[in-house]
Amino acid sequence: MKVYHLSAECYPVAKVGGLADVVGALPKYQNQMGLQAAVVMPYYERKFVQENEWEVVFDGQSLLGIHRFFFEVLKEKTDKLGFELYLIKIPGLLDRENVYSYPDETEQFLAFQIAFLDWISWTHQSPDLIHCHDHHTGLVPFLLYHSKLYHRLAETPTILTIHNGQYHGAFSWGKLSLLPEIDMTKTGLLDWNGGINPLASAVKCCWRYTTVSPTYLEELTYRSNGMEYLFYMERAKGSGIINGIDTEVWNPKTDAMIAEKFSLRQLAAGKQKNKDVLCERFKLTNDKPLISFIGRLVGEKGADLLPAAIRQTIMAHPGGVNFIVLGAGEVKVQDELKALAVEFPEQFNVFIGYDEPLAHQVYAGSDFLLMPSRVEPCGLNQLYALRYGTVPIVRVTGGLKDTVIDYGDDGGYGIRFIQASVADIVHATGRAVEVYGNTPLIQLLRKRMMALDFSWDRSAKEYINLYESLKPAI
Ligand code: ADP
């Protein structure tokens, strides 16, 4: 079965968040299970692109409204990621460094989708399935089924995976003319709330959609930035599949990015050595419970709650708890965290920025990982934390609810709290301090966590089952 994954991100080519981790791993595991899965993504001027060898497999031209654009499809020569990787390069549109946040983002992703469809169309390819990820690729199902340009491919099944349903990629009807020739009687399938909404269009037109956790599937019906009613109506087409993690990249036994590799057998010593190195780097003492946060400093992640919650926890346990934050995002939160580090230099430190190796070290060296998310479609951080024997402290939302069992419940290993509020976080961090003080308990929780299996084998199989349920069309 030949499957194309379409995505704006793919690790290690270009990563902003969890989408990249999923698209960088799922196809590899699907291929190991006998599929022919490939990834197609926009070209970015990035290290991975510069350091690897590419072959131009196609070059052509197409139209974005009245503007002609030229594009190339480049293939990574060795399939080193475990799947065929294609980049679509469009001079002037898709040849930049960053993934998002350009003022012409609508045009960028629209041109990407048109170029992809033109490429497979003109080269007479007939993939068995096209798997779209998030709104950046959300117009593909509509264009496949309702543009006569792609009539030959109109029977191709499409699946949409929603990694983040808060972003829709909506733009105004004034830009309709940027789309290729479409069936104008079907424009209702593009519309949501008075605009062209790629995510809504994908939900309406795809054969099936998935979310990255079962709880998130339900949550979208009452919290999805204005698309609640659509998710409610289309609920029967949806299913939730928890992300796996790439257990080759995230493996404390082999991880070259951490100071001391460790397994279950040398767990306590391995964790402590990593904690020592981490604390030294952040100028903290290494004998206190260490609670860390990694992630985008945005409201979705509850990052605005961190400064007050950290301050109150430190005040409640004078000299008894340390914190580290690794992240970048809203300037106000960054500034508050920097001020907090000056106020409590012995108990708190922050690294503002994105640093992949440092993230590995923080997972390995921390005792607890705090995730006070307001929205968390799946969340990968808690899964990485589990793998490195770090107790997740999570707000019960989305994938956090599906993957973390409170240590007070049967077989539990984490700490759960209900509200995204400072009071709830402080209560939860208080429980963390207690857990840390009970050595046999924390050792037991670490062992339980490290024995869990969140590998891609399970999730990749679930996606394949979904693809196969679409037979006999495939
Ligand atoms: P989201 O995609 O919403 O940002 P996820 O939990 O799905 O959240 O994925 C976040 C990914 O990004 C994880 O791999 C996490 O380790 C990584 N990450 C987030 N912020 C940073 C940072 N500042 N430095 C390094 N890695 C980060």
Side-chain angles (χ1 to χ4, degrees), residues 7-26 99-101 133-136 161-167 211-213 215-216 219-220 225 240-252 255 257-258 278 281-282 292-303 306 324-330 333-334 337-338 349-366 369-388 390 392-395 397-404 420 454 456 459:
S7 171
E9 301 178 35
C10 174
Y11 178 82
V13 191
K15 168 168 165 173
V16 177
L19 168 64
D21 291 307
V22 174
V23 177
L26 173 61
V99 180
Y100 305 121
S101 300
H133 296 267
D134 276 352
H135 73 80
H136 323 99
T161 292
I162 300 169
H163 301 257
N164 193 330
Q166 309 307 306
Y167 303 105
T211 57
V212 287
S213 69
T215 295
Y216 193 55
E219 285 178 358
L220 287 176
N225 231 349
I241 301 178
I242 286 278
N243 288 335
I245 58 174
D246 190 329
T247 44
E248 286 166 25
V249 176
W250 297 94
N251 185 352
D255 192 337
M257 294 189 222
I258 62 177
L278 187 61
R281 173 159 179 180
F282 281 89
S292 299
F293 171 97
I294 299 176
R296 294 179 291 123
L297 300 176
V298 295
E300 236 178 78
K301 302 283 178 195
L306 289 173
I324 287 175
V325 170
L326 161 61
E330 287 166 14
V333 178
Q334 293 185 175
L337 290 169
K338 283 191 228 161
N349 211 341
V350 57
F351 179 95
I352 301 291
Y354 189 95
D355 187 329
E356 190 81 22
L358 180 56
H360 284 243
Q361 188 61 42
V362 175
Y363 290 118
S366 303
L369 187 84
L370 175 60
M371 298 183 73
S373 307
R374 292 194 174 85
V375 184
E376 198 62 80
C378 174
L380 292 169
N381 300 20
Q382 81 280 15
L383 303 181
Y384 299 146
L386 294 170
R387 186 107 170 108
Y388 287 74
T390 301
I393 309 175
V394 305
R395 172 168 177 254
T397 182
L400 299 177
K401 186 172 175 190
D402 295 335
T403 55
V404 178
F454 282 105
W456 266 110
S459 310

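Numbering of ligands and ligand atoms starts at 1, following listing order. Position 1 is the first residue of the sequence, and the numbers go up from there.
Only the side chain of Asp21 comes within contact range of ligand 1, with a heavy atom under 4.0 Å; no backbone atom does. Heavy atoms of His163 found under 4.0 angstrom from ligand 1: none, in either backbone or side chain.
Contact detail for Tyr216 and Gly165: the closest heavy-atom pair is OH-N, 2.8 Å.
Residue Gly327 places a heavy atom less than 4.0 Å from ligand 1. At least one heavy atom of Tyr384 sits less than 4.0 Å from an atom of ligand 1.
A distance-only check finds no donor-acceptor pair linking the side chain of Asp402 to the backbone of Ser213 [under 3.5 Å].
Here the heavy atom of the protein found nearest to atom 13 (C) of ligand 1 is Asn381 OD1, 3.3 Å. The protein heavy-atom contact nearest to atom 25 (C) of ligand 1 is Asp355 O, 3.3 Å. Remark: minimum distance from atom 20 (N) of ligand 1 to any protein heavy atom is reached at Gly295 CA, 3.4 Å. For atom 22 (C) of ligand 1, the closest heavy atom belonging to the protein is Tyr354 CD1, 3.5 Å. Distance from atom 16 (O) of ligand 1 to its nearest protein heavy atom, with residue and atom name: Tyr363 OH, 2.8 Å. Looking from atom 12 (O) of ligand 1 to the surrounding protein, the closest heavy atom is Lys15 CE, 3.7 Å. Atom 4 (O) of ligand 1 has its closest protein heavy atom at Arg296 NE, 2.9 Å.
Between His136 and Tyr167, the ring centre distance reaches or exceeds 6.0 Å.
Between Gly379 and ligand 1, not a single N/O pair is under 3.5 Å apart. Checked by distance only, ligand 1 and Trp250 stay at 3.5 Å or farther apart across all their nitrogen or oxygen atoms. For the pair Gly18 and ligand 1, the shortest N or O to N or O distance falls below 3.5 Å. Looking at Lys301 next to ligand 1, an N or O pair under 3.5 Å apart turns up. Not a single N or O atom of Glu300, backbone or side chain, sits closer than 3.5 Å to an N or O atom of ligand 1.
A heavy-atom distance below 4.5 Å is not found between the side chains of Ser292 and Leu370. Between Ile294 and Leu358, every side-chain heavy-atom pair lies at or beyond the 4.5 Å cut-off. With a 4.5 Å cut-off on side-chain heavy atoms, Pro252 and Arg387 count as touching. Side chains of Thr397 and Glu219 form a contact here, defined as non-hydrogen atoms less than 4.5 Å apart.
Other residues, nucleotides and ligands place more than 12 heavy atoms under 6.0 Å from the NZ atom of Lys15.
Ion pairing between a basic and an acidic side chain is recognised when a charged N comes within 4.0 Å of a carboxylate O; Lys401 and Glu376 show no such pairing. The pair Arg296-Glu330 does not meet the salt-bridge criterion, since no charged nitrogen lies less than 4.0 angstrom from a carboxylate oxygen.
Ligand-side atoms of ligand 1 in range of Ala359: 25 (C), 26 (N), range being under 4.0 angstrom from any heavy atom.
Residues Ser373 and Glu300 bring no donor and acceptor atom of their side chains to less than 3.5 Å of each other.
Closest heavy-atom approach to atom 23 (N) of ligand 1 within the set Ala328, Gly353, Pro357: this belongs to Gly353.
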